[in-house]
Amino acid sequence: MAGGALPGFRDFYPDEFAHRAHITGAWREVARRFAFVEYDGPPLEPLDLYTKKSGEEIVGQLYNFEDKGGRQVALRPEMTPTFARMVSARANALRKPVRWFSIPQLFRYERAQRGRLREHFQLNVDIVGEPSEVADAELLAVAIGIMAELGLGPADVRARVSDRRLLNGILAALGVAGDALGVAYSVLDKAGREPEAVARERLAKAGLHDAGVSAVIDLCAPAAIDRARQTLGSEPAVRESLERFDRYMTHLASLGLSAWVDEDLSIVRGLDYYTGIVFELFDAKGELRAICGGGRYDALLNDLGGVDLPALGFGMGDVVLGELLRERGLLPNAVGSGADLFVIGGPGASADGMAGALELVAALRRAGLSVDHAMSEDRYLAQAPRNQFESAKKSGALAAIYLDEGGLVTAKGLAGKLADAPVFSQARDAVVAADTTAIEGLQAFVGALRAAAATQP
RNA sequence: GUGGCUGUAGCUCAACUGGUUAGAGCACCGGCCUGUGGCGCCGGGGGUUGGGGGUUCAAGUCCCCUCAGCCACCCCA
């Protein structure tokens, strides 16, 4: 279809926006529960904020252009450089540890695919100034807490954890060095996605002998860390990292997260700025891309902002997570307007005409209620009542309200059958005059309907 | 950036080997059954069949280009 959104960009119709709000709402709620505070930065940044550290080749992945002032700019592809700048600028003034989160919309100029668009929303959660592995456990607890908040369990989502320092120690103990080191990282990163034979060939080509090749291949297995505990525990290069990693696992257990977590040395995380414990969240079936990834990057703030503070964080996108929730039927159903009340005509409608309806609408809204109505004199005064009820019902409103006989306004619930529909009447003049008792009565009536609707499937 | 598959109303799909003004259900709008029973009935709007070019008496149907989507690479978020 012509005239749609740009490739890789999404239109959020109300139904889709409700899904997005469901996800971002869970992000905010859990971040708040973990005592993180929200920040944001500009969506458009100087291009060199991203090229300075990553080199010119990253420009191919950026949504960049020259602005009218001749500046080279880019839509932000990630939040970390902005975050690093903001923290660095006030590093001395900020109370440590810093615990911040943000929900930026990020952009990349890449070919769109499933789970991978040119734009997405990504929760960023970061901790700065805390070297203890308790902070690492806390960080993963946030990510898992979000999964639980959205209705996902350990059978749906797995957290895979590793430690770059531990991996480095193990590789050193195995005698992997030089060119082979980079290849070993690549092989681990691609574990399960490339044939073992190809991996072996690449390792051999990098100068490893058969025993070394097999040793690296074995690291891809889930039990690799356990094996290292037994065979390499006494190696000085490994022991310290192993002890730290074990403390981390103990903290996760104390936080009640053991059921979610798998040790897995093949979690390397693409970019090499990670320096310690790293993790990723995947759907348990392994069909989708990673839901979330993060870890410790103790050197990055120094590199980007010139401030030497330990830091760790993760990013969690809305696209893959949304797909998983959709598959599991965990996204909220579509709703109508969600209005509390829909004003329609009634026996008393003709007496006061449209003015009577609008005065009632205005009074109800001043009382804080959400109010919809037909916005047409024809429909209000002339349309058959049953059709007006039909319209009110289709709008998604909880109740219809109309000018009744005897100077009353009557509200009638729209869910279920007529015989069961709750009814509530008040003197019209009292409602329009904002009489406290009348308004509170209506609010209580609406509140009861809302509570009843919330228990429906 | 490379390769493969797909592209008909808002959605799900029809249209025999190319053959009259491209149909249906759902959704939407209006009306009716003089107060809604997740009903019913009548009517309506909406597609230059993704776009462009070509072959043909005739193209949604065949060919080419292009755009978009999906998938696999690449890369990562």
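What you see is a predicted model, and the numbers here were worked out from it, not measured in a lab. Chain letters run A, B, ... following the sequence lines, proteins first and then strands; every chain starts at 1.
- The phosphate of B:C76 has neither OP1 nor OP2 within less than 4.0 Å of any side-chain N or O from A:Gln61.
- Contact check for A:His120 versus A:Arg108: no side-chain heavy atoms found under the 4.5 Å cut-off.
- Each of B:G69, B:U34, B:C75 was ranked by its minimum atom distance to the side chain of A:Pro385; first place goes to B:U34.
- The environment of CD in A:Glu405 is sparse: at most 12 heavy-atom neighbours from other residues, nucleotides or ligands sit within 6.0 Å.
- For the pair A:Lys190 and B:C75, the criterion of a side-chain N or O lying under 4.0 Å from OP1 or OP2 is met.
- Comparing B:A27 with B:G46, their C1' atoms are spaced 12 Å from each other, to the whole Å.
- You'll find the side chain of A:Leu252 stays beyond 4.5 Å of the side chain of A:Asp136, heavy atoms only.
- A:Gly294 comes within contact range of no nucleotide atom at all, as no heavy-atom separation falls under 4.0 Å.
- Among the nucleotides B:C28, B:A77, B:C70, the one closest to any side-chain atom of A:Lys394 is B:C28.
- For the residue pair A:Thr82 and A:Arg76, no side-chain donor N or O sits within less than 3.5 Å of a side-chain acceptor on the partner.
- Between B:A77, B:G35, B:G69, one nucleotide has an atom nearer to the side chain of A:His120 than all others, and that is B:A77.
- Side-chain polar atoms of A:Tyr297 and A:Asp303 form no donor-acceptor pair below 3.5 angstrom.
- Within the structure, a side-chain polar atom (N or O) of A:Asn387 is placed less than 4.0 Å from OP1 or OP2 of B:C32.
- With B:A68, B:C28, B:U36 as the choices, the nucleotide that has an atom nearest any side-chain atom of A:Lys393 turns out to be B:U36.
- Close to B:G35, at under 4.0 Å from its OP1 or OP2, lies no side-chain N or O of A:Arg386.
- Using a 4.0 Å heavy-atom distance criterion, A:Leu117 is classed as a base contact.
- Pairs of Watson-Crick or G-U wobble type, with distances under 3.5 Å, assemble into runs of 3 or more in RNA chain B at these ranges: B:1-7 with B:67-73, B:10-13 with B:23-26, B:28-32 with B:40-44, B:50-54 with B:62-66.
- In this structure, A:Arg160 forms a cation-pi arrangement with A:Phe282, its terminal cationic atom sitting closer than 6.0 Å to the ring centre and no more than 45° off the ring axis.
- For A:Phe424, the side chain to side chain contact (heavy atoms under 4.5 Å, CB included) partners are A:Gln426, A:Leu442, A:Phe445, not counting sequence neighbours.
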Kindly give the atom pairs (protein nitrogen or oxygen, nucleotide nitrogen or oxygen) under 3.5 Å for nucleotides 1-4 of chain B.
{"unit_1": "B:U2", "atom_1": "O4", "unit_2": "A:Arg111", "atom_2": "NH1", "d": "3.2"}
{"unit_1": "B:G3", "atom_1": "O6", "unit_2": "A:Arg111", "atom_2": "NH2", "d": "3.4"}

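- Within 4.0 Å (heavy atoms only), A:Ala392 reaches no atom of the nucleic acid at all.
- A:Arg379 comes within contact range of the sugar-phosphate backbone alone, with a heavy-atom separation under 4.0 Å but no base atom that close.
- Note that A:Arg118 lies outside the cation-pi zone of A:Phe107, set by a 6.0 Å cut-off to the ring centre and a 45° limit from the axis.
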